[in-house]
Amino acid sequence: MIPFLDLKAINAQYRDELIEACTRVIDSGWYIAGNELTQFEQAFASYCGTKHAIGVANGLDALILTLRAWKKLGKLKDGDEVIVPSNTYIASILAISANDLVPVLVEPDLATYNLCPKQTEAAITTKTRAILPVHLYGQLADMPAIMAIAKNHNLLVLEDSAQAHGASAIDDKGKSKKAGNWGDASGFSFYPGKNLGALGDAGAVTTNDDELAATLRALRNYGSHEKYKNLFQGVNSRLDEIQAAMLSVKLTHLDTEIAHRRKVAVAYLKGITNPAIVLPTQHSTLNTQHSHVWHVFVIRCEQREALQKHLLEHGIQTLIHYPIPPHQQQAYKEWNMDSYPVSEMIHQQVMSLPMGPTITMDEVKKVITAINTFKI
């Protein structure tokens, strides 16, 4: 079987380094909010090109706490609208609802699956206060256009970079900027399956805003900026020393892993010729060959179930990201009668092929051959 993603093999590459880092934490006697966290936060902020990285317990908390911090700072209030893609993973929307804000779903660009700037601008009302673009599948949304819209309408921008560690796009000055350094803040997940994955749950917020960073550091720690003094009614959402140490090890290998993902993606793009398959598209004006980080390689096929069965019969595991759009989930039953035809088509047709830093090129060739032999 060719697995969709072999986490055991990925981490086995760095086993000695990971054990050494874990041992260092155990022997330190300091397990929360210590030197490992500080070092990782500094390294990750530097990697993203931002002033701050604030470690939290997971990616959802990264989004929830950022929106909550803006409420504490008076930049948002209950009932404000936040524009978000209609085809995202539900966590992006849960973060908005959790803060008593109103999610406004906007259809994506079918070519890239990311938030459509034109539809974003059309969705802005007098209640709109923020945009939450999601860098889906490893490619940045059209951030120059989205940031221009935000500036014109005085809106906050919170990037959901959970799938885009290391991804970049070209700004209006011709410079490359990474995910996490475009908006007012960005939420990252380090769930094990991400391009930069911990050995458990973990997350972070990146920002260049000093006041926001200070507020987030308090909110993640019971609202406390100083021991036994509480500025806010906060939560316990801390990135622990063990996971910080694991992430510090894996961060040093991230660019090498991304390079292999790109090699796999190029092979898929060149090799898959079956007319029943719609291949992914890179944004032509924003990206170079070094921009997309291919968190997942997503194809579309009208006969998805038959194709998935065909590939499984050839020993190839695939996944679907994601089978049910947010507006059709029971959690948001008030939206169940709404229509988002682009998102609905995407969720009915997409399928993710094996992708990762340990898949071999021989395995990639087998995937390509199996897809090209699929017949409707």
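The shortest distance between side-chain heavy atoms of Thr318 and Leu353 falls below 4.5 Å. Counting only heavy atoms from C-beta outward, the side chains of Leu37 and Glu241 approach each other to under 4.5 Å. Using a 4.5 Å heavy-atom cutoff, the side chains of Ile54 and Thr207 are in contact. Side-chain atoms of Gln329 and Ile324, non-hydrogen and from C-beta on, do get closer than 4.5 Å to each other. For the pair His260 and Ile359, the minimum side-chain heavy-atom distance is below 4.5 Å. Within the 4.5 Å cutoff, the side chain of Leu73 has heavy atoms near those of the Glu211 side chain. The closest side-chain heavy-atom distance from Tyr340 to Pro108 is not below 4.5 Å. Side-chain atoms of Leu136 and Pro85, non-hydrogen and from C-beta on, never get closer than 4.5 Å to each other.
Qualifying side-chain hydrogen bond (donor to acceptor under 3.5 Å, both in side chains) partners for Asn99, counting only residues two or more places apart in sequence or in other chains: none. Residues passing the side-chain hydrogen bond (donor to acceptor under 3.5 Å, both in side chains) test with His135 are Glu159, sequence neighbours excluded. Residues satisfying the side-chain contact (heavy atoms from CB on, under 4.5 Å) criterion with Pro341, sequence neighbours excluded, are Glu107, Ser339. With sequence neighbours excluded, the residues that form a side-chain contact (heavy atoms from CB on, under 4.5 Å) with Ala162 are Asp160, Ser189, Lys194. The side-chain contact (heavy atoms from CB on, under 4.5 Å) check on Asn230 picks up Tyr222, Ser224, with sequence neighbours excluded. Applying the side-chain hydrogen bond (donor to acceptor under 3.5 Å, both in side chains) criterion to Asp210, with sequence neighbours excluded, gives Lys51, His52. Remark: Tyr113 pairs with Arg300 by the side-chain hydrogen bond (donor to acceptor under 3.5 Å, both in side chains) rule, at least two apart or across chains. The side-chain contact (heavy atoms from CB on, under 4.5 Å) search around Thr369 returns Thr373, not counting sequence neighbours. Lys71 is linked by a salt bridge (charged side-chain N to carboxylate O under 4.0 Å, His left out) to Asp78, counting only residues two or more places apart in sequence or in another chain.
Of the possible polar contacts, none joining the Arg238 side chain to the Gly55 backbone as a donor-acceptor pair under 3.5 Å is found. Of the possible donor and acceptor atoms, none in the side chain of Asn195 sits under 3.5 Å from a partner among the backbone N and O of Leu254. The backbone N or O of Leu156 lies less than 3.5 Å from no partner atom in the side chain of Arg129, so there is not a single donor-acceptor pair. Formation of a donor-acceptor pair under 3.5 Å by the His310 side chain with backbone atoms of Lys375 is not found in this model. Looking at Gln349, its side chain never comes within 3.5 Å of a backbone N or O of Glu302 through a donor-acceptor pair. Within the 3.5 Å criterion, the main-chain N or O of Val157 finds a donor-acceptor partner in the side chain of Asp184. Between the side chain of Gln308 and the backbone N or O of Glu305, no donor-acceptor pair lies under 3.5 Å. Judged by distance alone, with hydrogens and angles left aside, the side-chain atoms of Asn114 form a donor-acceptor pair with the main-chain N or O of Gln139 at under 3.5 Å. Within the 3.5 Å criterion, the main-chain N or O of Lys72 finds no donor-acceptor partner in the side chain of Trp70. No donor-acceptor distance shorter than 3.5 angstrom exists from the side chain of Ser46 to the backbone of Gln42, with no hydrogens or angles considered.
Both Phe44 and Val293 are members of a single hydrophobic cluster when ILVMFWY side chains are connected at heavy-atom separations under 4.5 Å. Under a hydrophobic clustering in which Ile, Leu, Val, Met, Phe, Trp and Tyr are joined whenever their side-chain heavy atoms come within less than 4.5 Å, directly or via other members, Leu94 and Leu65 fall into the same cluster. The cluster map of Ile, Leu, Val, Met, Phe, Trp and Tyr, joined by side-chain heavy atoms under 4.5 Å apart, puts Leu132 and Val104 in different clusters. Taken together through direct or relayed side-chain contacts under 4.5 Å among Ile, Leu, Val, Met, Phe, Trp and Tyr, Val82 and Met143 form parts of separate hydrophobic clusters. Cluster membership check: Leu140 does not share its hydrophobic cluster with Val134, using side-chain heavy-atom separations under 4.5 Å among Ile, Leu, Val, Met, Phe, Trp and Tyr.
When each of Pro144, Ser168, Pro133, Ser161 is checked for a side-chain contact (heavy atoms from CB on, under 4.5 Å) with Trp182, only Pro144 meets the rule.
Other residues, nucleotides and ligands place more than 12 heavy atoms under 6.0 Å from the CD atom of Glu334. The number of heavy-atom neighbours closer than 6.0 Å to OH of Tyr89, taken from other residues, nucleotides and ligands shown, is 12 or below. Counting heavy atoms of neighbouring residues, nucleotides and ligands inside a 6.0 Å radius, atom CD of Glu20 does not exceed 12 of them. For Asn152, the CG atom sits in a packed shell: over 12 heavy atoms of surrounding residues, nucleotides or ligands are nearer than 6.0 Å.
The six-membered or imidazole ring of Phe190 lies near that of His165, with a centre-to-centre distance under 6.0 Å.
Cluster partners of Val25, using a side-chain heavy-atom cutoff of under 4.5 Å among ILVMFWY residues and allowing indirect links, are Tyr14, Leu18, Tyr31, Leu199, Ile242, Met246, Val249. Hydrophobic cluster membership of Met1, counting Ile, Leu, Val, Met, Phe, Trp and Tyr whose side-chain heavy atoms lie under 4.5 Å apart directly or via other members: Leu312.
Side chains of His347 and Gln328: a donor-acceptor N/O pair is absent below 3.5 angstrom, by distance only.
For the salt bridge (Lys or Arg N to Asp or Glu O under 4.0 Å) condition, the pairs that include at least one residue of residues 215-229, sequence neighbours left out, are Glu41-Arg220, Glu226-Lys229.
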Next item on the list: Kindly indicate, with the supporting measurements, whether the criterion side-chain contact (heavy atoms from CB on, under 4.5 Å) is fulfilled by Ile10 and Leu5.
Entry: CA-CA 9 Å; Ile10 290 171; Leu5 181 69; 3.6 Å; yes
Next item on the list: Tell me, with the steps shown, if Asn208 and Asn181 meet side-chain contact (heavy atoms from CB on, under 4.5 Å).
Entry: CA-CA 8 Å; Asn208 292 306; Asn181 194 26; 3.0 Å; yes
Next item on the list: Kindly determine whether Gln163 and His321 satisfy side-chain hydrogen bond (donor to acceptor under 3.5 Å, both in side chains), including the steps that lead there.
Entry: CA-CA 12 Å; Gln163 299 186 12; His321 295 91; over 6 Å; no
Note to self: Quick one, His225 with Thr215, criterion side-chain contact (heavy atoms from CB on, under 4.5 Å). Give me CA distance, side-chain angles, the key distance, then yes/no.
What the structure shows: CA-CA 8 Å; His225 66 302; Thr215 304; over 6 Å; no
Margin query: side-chain contact (heavy atoms from CB on, under 4.5 Å) for Val350 and Arg304? Distances and angles first, verdict last.
Written below: CA-CA 7 Å; Val350 294; Arg304 180 176 68 187; 4.1 Å; yes
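In plain terms, the two heavy atoms of Gly138 and His292 that are nearest each other are O-ND1, 3.3 Å. Closest non-hydrogen pair, Ala202 versus Leu239, comes out as CB-CD1, 3.4 Å. His295 and Gly193 get closest at one heavy-atom pair: CE1-O, 3.3 Å. For the residue pair Leu251 and Leu196, the shortest heavy atom distance occurs at N-CD1, 3.7 Å. Listed here is the closest heavy atom pair of Pro192 and Gly200: CD-O, 3.3 Å. Nearest heavy atom pair, residue Asn274 against residue Phe374, reads ND2-O, 2.8 Å.
Note on ring orientation: taking the six-membered ring where Trp is involved, the planes of Trp335 and Tyr332 are parallel (angle under 30°, cut-offs 30° and 60°).
Look at Lys250 and Glu257 and you find no salt bridge, because none of the NZ, NE, NH1 or NH2 atoms lies under 4.0 Å from a carboxylate O.
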